[in-house]
Each structure stands twice: as C-alpha cells, then as structure tokens.
2 protein chains.
Amino acid sequence: MVDGFRVDTDMSEQRAPARRSRGTGRVRIEDVARAAEVSAQTVSRFLRHPDQVGPAASERIAAAISRVGYVPNLIAGSLASNRSRVVAIIVPTLANPVHAQPVEGLGDALRADGYQVLVGTTDFSQEVEEALVRAFVGRRVDGIVITGGRLSAASRTVLKAAAIPVVQLWELPRIPFDMAVGNSNIDIGACVARHFAERGYRRLAVIGHVQKSDTRSADRVTGFLAEAQRHGLPAPLVMEVDRPMLIRDASDLVAALRREEVRAVFVTSAQLSVVLLLNARSAGIAVPGELAIAGLESDLSTVVSPTLTAVRVPAYELGLQAGRLLLRRMAGEKVAQKRIDTGFEFNVREST
Amino acid sequence: MVDGFRVDTDMSEQRAPARRSRGTGRVRIEDVARAAEVSAQTVSRFLRHPDQVGPAASERIAAAISRVGYVPNLIAGSLASNRSRVVAIIVPTLANPVHAQPVEGLGDALRADGYQVLVGTTDFSQEVEEALVRAFVGRRVDGIVITGGRLSAASRTVLKAAAIPVVQLWELPRIPFDMAVGNSNIDIGACVARHFAERGYRRLAVIGHVQKSDTRSADRVTGFLAEAQRHGLPAPLVMEVDRPMLIRDASDLVAALRREEVRAVFVTSAQLSVVLLLNARSAGIAVPGELAIAGLESDLSTVVSPTLTAVRVPAYELGLQAGRLLLRRMAGEKVAQKRIDTGFEFNVREST
DNA sequence: GCGCCATTTGTTAACGCTAACATGTGAGCG
DNA sequence: CGCTCACATGTTAGCGTTAACAAATGGCGC
C-alpha cells in the first residue's frame, strides 16, 4: 500500500511539461484522495453519500480534507452530475419586504439540503424577466420560482425545454404553468367587504395601488366590489393610486372620501393604509366613528392609534412552501397538489 | 451545403449504443455548430467575443441558435473558463429593506455584464455565515459581498485561499480584509448630537437597537456620546431595545424619557423612531416642544406629523458601489481606493 | 510577386468532478 | 465448503464548454 502510494506520488511529481496547463492551482479532489490513500471516487462518495464509505477510509478522508484545506468545486460537480443544487427566484423588487421575504423563506427551506438561491429583480419589466429566465436556465438551476401568474410565451418555451420544476408565486392561475403558491386576492377583497357589511357600513370605497403588471391589487378590488354587491350595498367608490404615497396625495384622498360621504374604506396596500389613517386623524376625522379604515398588515398596524384592521399575507411562508414543493419535485417525487393556497389572516382592530 | 448538413444529421442519428450515455438530451453547442456549418469553437466565439467572428458565419450562427433553441450551458462554460460570472452576497435578513436593498443594487450593477447574484441570509449567525462562505467559494463565485466588518478566522482562511475579491458592507474597518463600502456610524451619531447641541437641547438621550453581532447601532451611540461630551453637555441617557418594538414598550420608553426630563432623543433605528414619535404624541407630549426626536429614515418619515428629522443611509447605493468595485477587480484592474465612504443624508424636519 | 501580418476558422486537450460499470472482500447459509 | 449477496472501493469515460495552439486566407507595402 505504502509503496503504491509512493509510486503515485512520484507520478504526480513528474508533472509532464505538456504545452498546456490550465489548472487553477487550487486543491482538487485528487489531492485529497492521494493524501488519504484512496481513490478520488471514494472521496466523492464520502462527500455525497457518506454511508457508502467505510469507517477507516472516512476517518482518513476527513483528516485529509481539513489538512489540505479542500473546498469541493461544485461547478465541476454540477456538470458531471447534471444537478446544480441552485434554485432561482425572480421578484419585482427587493425594496418591498413583501417581495423580499419569500426569497428568505425559499432560502430557509432549501439551505438544509445544500441548495443555494440565485435572485433576480425585474422592476416589473417583462423583458427583464425573460432575460432572467434564460440566464437562470443557462445556469442549469434545478428549479425556479417566479413572482406573478403571467409568463411570456418566450419564457414558457425556454422553461418547457429546460424541464425543471417551476413555482408561480402570489397568484393562483386556474391552470398553473407547473405549480403555484399564493392566495386568492379576490377572497381578500371579499373578506373585507363582508366585514364592512356586517358592521353595517353602507357607503364604501376601495383604494387600489396600481403597479405595472401586478394584478394583485386589482383582484382585491374585484373581490371587494363583488361582495359588496352581494350584500346589496351601493356600488363602492373606486380610486387608484399609482405611485408611492406622499402626504399631500393622502390629504386629497381624505378630502375626496369626506366629500363622497364614504363610511368605510379598504386600502389595498400596506403603506397607503397607514398613511391614510394618519392623515385622516390629523384632518380631524374620527376613525372609525366617521370613517372606518381597513388595510394591509405592516409593522405599524398595531402601533398607530387607532390600531389598524388589516389583512396579513404570509409572504415568508409563501417562499417556504415554494421551496418545499421544489424540493419534493427535485427529489423525483410527483406532486399532486399543484396549487397551494396559503390563505391570509384578517386582523380586526380598532380602525373598523 | 444541404448535403453536408444531411450527412451530419444522419451521423447524429447513429447514436452509438455505447454502454454509457450520460447526456442530458439538451441542445448543445455542437448541435448549433452543425446546423450553422461551423466549428463549435466558432459558435463559442460568436457568443463570447462576437467581434472575432466574420459576418457570414455570425449570421448563420445566429439563425441556427434560434432555430434549434440553444441555451448555452454556463456551468460547463464556467468550468472550462474558470469564471462563474456569479457573485454572492451575504446579508443578515431580507425582511429588513435596509439589508435587502444592497442586494438589489448589487444585481443592478452587475446585470449588464452578465453576472448573476447568489444570496444567503445568516439571521445574524456567525456559523451560518461561515457555512455560506464555504458554499459560495465552492461554487467558485467570482466575488463576494459580506455584510458587516467582522469576519471569522475560518472565513478569512477560505476567502484567502479562494483569492477572490471581497467587499465588506456597512462598516469601514481601518484595514479591510480586502475592500469595504459603508459609512461611518460614529459620524452619524456625532452629526445628530451636534444638531441637538446647536438647537440648544441639553438633556439628551439615545435609544439603541441591539441586534446580535450588529455593531452599527452601538457605533452610532458611541459617536453620539462623544460629540455630546465635546459640546460640554451632561452625559446623555442611554437606553437599549433588543426586540421588535411593541406599542407597550414604546409607552414605557416615553414614560422613562419624561421622568428623566429628556429634551431630545436620537433613536438609532427607523421603525423605532416612528413608533416613539407616534407614542409620544398620543401620550400628549409636544414634539418638538417638550421632546425633540431624531431617527432613521423610512417611508413614513415625511408622513407622520410632525415630520421626522432623520438620517438616511444609502442602502441601495452601497450595493451598487460594491458591485462596481467587484466589476473592476474581476476585470483585472487594481483598485487603489479600498474603502468607500458613501456618507449619509441628515434631513432636518419638524420633529427637532 | 513576395513576405508579413491581421483576421477568421479549426483542432485538441483540458476544466474537476461523478455516473456507470467492474472488482474485491467477507459474512451468512445450507 | 462453495455459493450467494451485500458492501466497500477502484477504473473508465464522459458532462459541455473554452484556452491554447495551429492553420488557412487575403490585403498591403515595396
């Protein structure tokens, strides 16, 4: 054995002065193998399937790895095994926690299995999304999570050819491209409208937050209107805001609500709802006495006074669920339940 | 021409029934080469260095690529070229926009050059950080951005061996591990203290937000205290909060501030400062008449009433700068300026 | 008309790892 | 005591791309 080892060592030293040498100079699996007096394959097995390696070899390999400071080249491993152990997620922006949190959830779901997360932000641009899909497929990600229910034809083609699991986030298309995790924004709107109806408010309003290619707010408005009609209420006032809310916009909105004698308003975005509440109060409007306000949950919902009745969408959990679905599919399992409705919480507080 | 193509096609059909066949069945560069009647290397050149390929060949290759639906395998490319065109960023959490925004900035800085971003979140755990560093180095990322100035010995060793550019974010160590982009939290604290002194407030307080292994808040407190002393003010009251602020905590804080007859307080976290302001007002304390409040910038700074005097730290720009530094180094440039202070804005508003 | 060089294209051999197959070893069993 | 089988380990040949070198072509100056 020792002799064999010697010979190997010598051979390695004869470093043929071949005209080519592209090596990176980094420690390779071969170096560990030599140091542990086993074959490269056994080292590879030790790292991927430790149960298939005997105790004596395992010990020597572990020692050798730390002795020579080996960090496996996962790029080479990915190429050889045709599995990258990387998943990608595409979100419109990371500045909004509601979109950043699923990324964290996804990472947490996958970390234990050795997967890493590639992120791409689109700023709501369809072209950027297509470019990202191509880039990620080019990197041979094992799975991909895409925010939103709309997928361009080009993206569909590329994803189809790649044959990797895909999870659409936030929306629940009747027939998902592959899988989908989200909640029904129509249900959210309906839930709030029902609450207003039960409280006896009749003159309602809904303020939507229009963001390019994001239909979530629009769906909430739709659900709200449908439910209001079902309860025989007069058609609610519908307003839309298309940019980050400034204090002066809110004043205008408050004035409009007062003019229209609105009794209860549902604001479909977290920040907007707090801003509206603060503005209404400083305009001297009693909440909920004169105007009831419901919105979306944020850190401040329980901090403002009166506390805000709000819908909480489980953003982090969405990412977690998406990760679990991907894991199952990447492990070769079939997934029967292709649409997961994570639901939402409706926290009734003082503002309604 | 057509004949040549035919023959090649036939050859591809003879699929030798070799005992081994690990192919992925996906379109390879070879397939494009055959369809365009050039060598694989020319296709590779067309993709990486288009200027080195003649116009006729370029045209045929472009057509062939879209005809056969080729998506280059970047994993194989990375292995061969020893460049992954991936950079990694490690942040404590993505739920806090202040940490999520640099990720977006980094992505935006690198997108145009074909780089992608791998993210890892540590939840402030040093062990997780080490594991992520190892994993990212294993994936042979071309550069890495790490939040915070402290790097464990293990991480340093691995990063040293990997010989890749590293950017530390938010803090500016005297001697960075490699490069650093951040701002001086001591300066931030000092700036606010100076402002208070100039306004004539004497009895000061500072409320820190302690988060495991995050020294930024502590540095702000340090700078604040030093500057207060320089102006001959009595030693400010120092308080610390170690969890997400709840409304009742804020009430306690407000009571304590009143009891101690504090005239001006600096809150070193964005959310806390808004919460404190709202609480002080509902407790009937005049702001800034009885108590002046300065905090950190958030969406709500200009929304609350009175508007909040706040320090804005340029989170997105930090990521952008980090990306630019990495790009230069990855292009082989030497970077002389290894510490970049992105500074901060101090927005004086009604609350002080 | 000849050599020189820039431009374009082709050929070969890695890059560092793992799948697939091959082989060796010893325990268990009738 | 030979046979089978589970287990441990080794050998071989890629995975799909690009670096390095080689070669063919043609324009240009003299």
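When reading the values below, keep in mind they use all heavy atoms of this one structure, side chains included, and skip hydrogens, waters and symmetry mates. Quick note on labels: first sequence line is chain A, next is B, and so on, each numbered from 1.
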Write down the distance between [atom1] ([X]) and [atom2] ([N]), rounded to a whole number of angstrom.
| X | N | atom1 | atom2 | answer |
| --- | --- | --- | --- | --- |
| Glu37(A) | dT9(D) | CD | C1' | 14 Å |
| Asp51(B) | dT7(C) | CG | P | 10 Å |
| Glu30(A) | dT18(C) | CD | C1' | 13 Å |
| Ile75(B) | dG16(C) | CD1 | P | 15 Å |
| Ile61(B) | dT9(C) | CD1 | C1' | 10 Å |
| Arg140(A) | dG16(D) | CZ | C1' | 9 Å |
| Phe46(A) | dT9(D) | CZ | P | 12 Å |
| Leu47(B) | dT18(D) | CG | P | 7 Å |

Please compare His49(A) and Gln41(B) by the position of their nearest nucleotide in DNA chain C and report the one closer to 5'.
Gln41(B)
Judged by nearest nucleotide, the residue sitting upstream toward the 5' end of DNA chain C, Gln52(B) or Ala76(B), is Gln52(B)
Scan [X] against the nucleic acid and name what it touches under 4.0 Å (heavy atoms): base, sugar-phosphate only, or nothing.
| X | value |
| --- | --- |
| Ala57(A) | sugar-phosphate |
| Tyr70(B) | sugar-phosphate |
| Ser39(A) | base |
| Asp31(A) | nothing |
| Asn73(B) | sugar-phosphate |

Using only side-chain N and O atoms of [X], determine if any of them is under 4.0 Å from OP1 or OP2 of [N].
| X | N | answer |
| --- | --- | --- |
| Thr42(B) | dG10(C) | yes |
| Arg48(B) | dT18(D) | yes |
| Ser81(A) | dC15(D) | no |

Could you verify whether a donor N or O on one side chain and an acceptor N or O on the other, from Ser125(B) and Thr122(B), lie under 3.5 Å apart?
no
Can you find a side-chain donor-acceptor pair between Ser152(B) and Glu129(B) that sits under 3.5 Å?
no
Are the side chains of Arg111(A) and Thr121(B) in contact, using a 4.5 Å heavy-atom criterion?
yes
If we only count heavy atoms from C-beta on, is the Leu151(A) to Leu159(A) side-chain gap below 4.5 Å?
yes
Would Arg329(A) and Asp178(A) pass as an ion pair if we require N to O under 4.0 Å?
yes
Looking only at the side chain of Ile29(A) (C-beta and beyond, no hydrogens), which of the listed nucleotides dG10(D), dT18(C), dT9(C) gets closest?
dT18(C)
Closest listed nucleotide, where the reference is the side chain of Arg45(A) and the choices are dG10(C), dC15(D), dC21(C)
dC21(C)
